[in-house]
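What follows is a short report on a single structure.
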Amino acid sequence: MTDWSAADHTYMSRAVSIAWQGLYTTEPNPRVGCVLVKDGKLIAEGYHRKAGEGHAEVNALRNAAGQAKGCTAYVTLEPCSHFGKTPPCAEALINADVAEVVVGMVDPNPRVSGNGLKKLQQAGIKVRCGLMEAQCRQLNPGFIKRMATGIPLVRLKMAASLDGRTAMASGESQWITGPLARQDVQRLRARSSAVVSGVASIISDDASLTVRAAELGLEHAAEVARRQPLRVVLDSSARLPEQAKLLGLPGRTLIVSCVDAPDFIAAYDAVEWLKLPAINGAIDLPKLLQELAHRECNEVLVETGATLAGAFMAQGLVDELVLYQAMTLLGSNARPMFLLPLDKMSQQKPLKLIDSRVLGDDLRLTLIPRQEK
């Protein structure tokens, strides 16, 4: 086991901190930070800002302005060893003649995993790995899951009253929660590769499923909103209205169905109709997630009604439930959060609370499925 010094932790903490600056912009790439240290001083740092642009190591080396020779590089993720849209970062570190590389975690991408470390070692560079791995993994839960399992991370967002209701019986639901909760939802959308909803939500609300810059509350909101997540509408029997607002919005829309596309879809260049097999008349959700992973989606946000939310939960496809709870009661006639017909206590779906915070007058609970013992 490697003995890590206080200085090691300080510099890797900084690398993690700056990596978070790419939270909304690196898709489909991982979020990565790098700091360069020489003679006990931080001389430069960099993070991966946007897919197709320089990676964290390259940006840090550029900022070092020729002073990187003999330094120690602290990197949250193993430097890549292959040519993608940019040259390999391991080569850049070697060419800069760094003395040591400290890595937070091995890259889960099979094309890289261990190869970057090996390339550095073969060049005579000292390598240490595993510093603050848990914190480094938190940067990229979706990327890690996609590389390990072939499906993205699924985050299910629900907004409900204290009595667990999401809308009145008529479908009226605006607004259960307040502005701070709605702002937080916009940030969840902004960090996601895709936003998934059922066609019933589109029919009832004419939802846009977009990231709205004015509601993000971020310094670079306009830049963040330019990268719109893929909008995904599940429409098993082609009920999507021809006049649906999202069809004409900027960005890409994917309509997933079990039947062929209606003629009007051909008029929209940015709209794709994907036909998947039906299971008991419904879309095959695991197949859908495989398809989204194939499209390099790391984090998928599901915003939908009780039927689809219940289906994702029943099939064990939810990695994280984000529940915005308003301090109000909608009554027993209102719509429930999940259509999940359970009859016995042994069928319950236990969850583990991992975070709770107050957003104005609302409460946000973040939960994950509790593992069976």
Criterion side-chain contact (heavy atoms from CB on, under 4.5 Å) against T253, the qualifying member of V271, L240, L209, L230: V271
Polar side-chain atom of Q186 near backbone of R212 as donor-acceptor pair, under 3.5 Å: yes
Side-chain donor/acceptor of D355 to backbone N/O of T366, under 3.5 Å: no
Carboxylate-amine/guanidinium proximity below 4.0 Å for E299 and K145: no
Single-linkage hydrophobic cluster L274~V199, side-chain heavy atoms < 4.5 angstrom: no
Salt-bridge criterion met for R227 and E27 (N-O under 4.0 Å): no
Test item: V102 and Y11 side chains (from C-beta on) under 4.5 Å apart, heavy atoms: no
Side chains of I368 and L351 in contact at under 4.5 Å (non-hydrogen atoms): no
Within-4.5 Å side-chain heavy-atom neighbours: R231 and L254: no
Residue pair D235, W273: steps toward the side-chain contact (heavy atoms from CB on, under 4.5 Å) verdict: CA-CA 10 Å; D235 183 11; W273 191 277; 3.9 Å; yes
Side-chain (E133) to main-chain (G130) donor-acceptor, under 3.5 angstrom: no
Backbone N/O of A181 and side chain of T177: donor-acceptor pair under 3.5 Å: no
Side-chain heavy-atom pair V103, R128 within 4.5 angstrom cut-off: no
Qualifying salt bridge (Lys or Arg N to Asp or Glu O under 4.0 Å) pairs, either residue in residues 178-189, two or more places apart: D184-R364, R189-E303
Residue pair M132, S13: steps toward the side-chain contact (heavy atoms from CB on, under 4.5 Å) verdict: CA-CA 8 Å; M132 297 179 59; S13 293; 3.4 Å; yes
Salt bridge flag under 4.0 Å for residues R252 and E272: no
Short side-chain to backbone donor-acceptor contact, D362 and Y324, under 3.5 Å: no
Intermediate values then yes/no, side-chain contact (heavy atoms from CB on, under 4.5 Å), L93 and V101: CA-CA 9 Å; L93 292 168; V101 177; 4.1 Å; yes
Salt bridge present between R155 and D319 (N-O < 4.0 angstrom): no
Contact check, side chains of V154 and V302, non-hydrogen atoms, under 4.5 Å: yes
Steps toward side-chain hydrogen bond (donor to acceptor under 3.5 Å, both in side chains) verdict (H48, N29): CA-CA 9 Å; H48 183 40; N29 292 349; 3.1 Å; yes
4.5 Å side-chain heavy-atom contact, I151 and R146: no
T26 side chain near Y47 side chain, heavy-atom distance below 4.5 Å: no
Side-chain donor/acceptor of N140 to backbone N/O of R31, under 3.5 Å: yes
Evaluation steps, side-chain contact (heavy atoms from CB on, under 4.5 Å), between K275 and S257: CA-CA 5 Å; K275 185 177 178 181; S257 184; 5.8 Å; no
E78 side chain to D107 backbone, donor-acceptor under 3.5 Å: yes
Sidechain N-carboxylate O distance under 4.0 Å for E291, R295: yes
Min side-chain heavy-atom separation L288-P286 under 4.5 Å: no
Under 3.5 Å: donor-acceptor pair, side chain of E320, backbone of L153: no
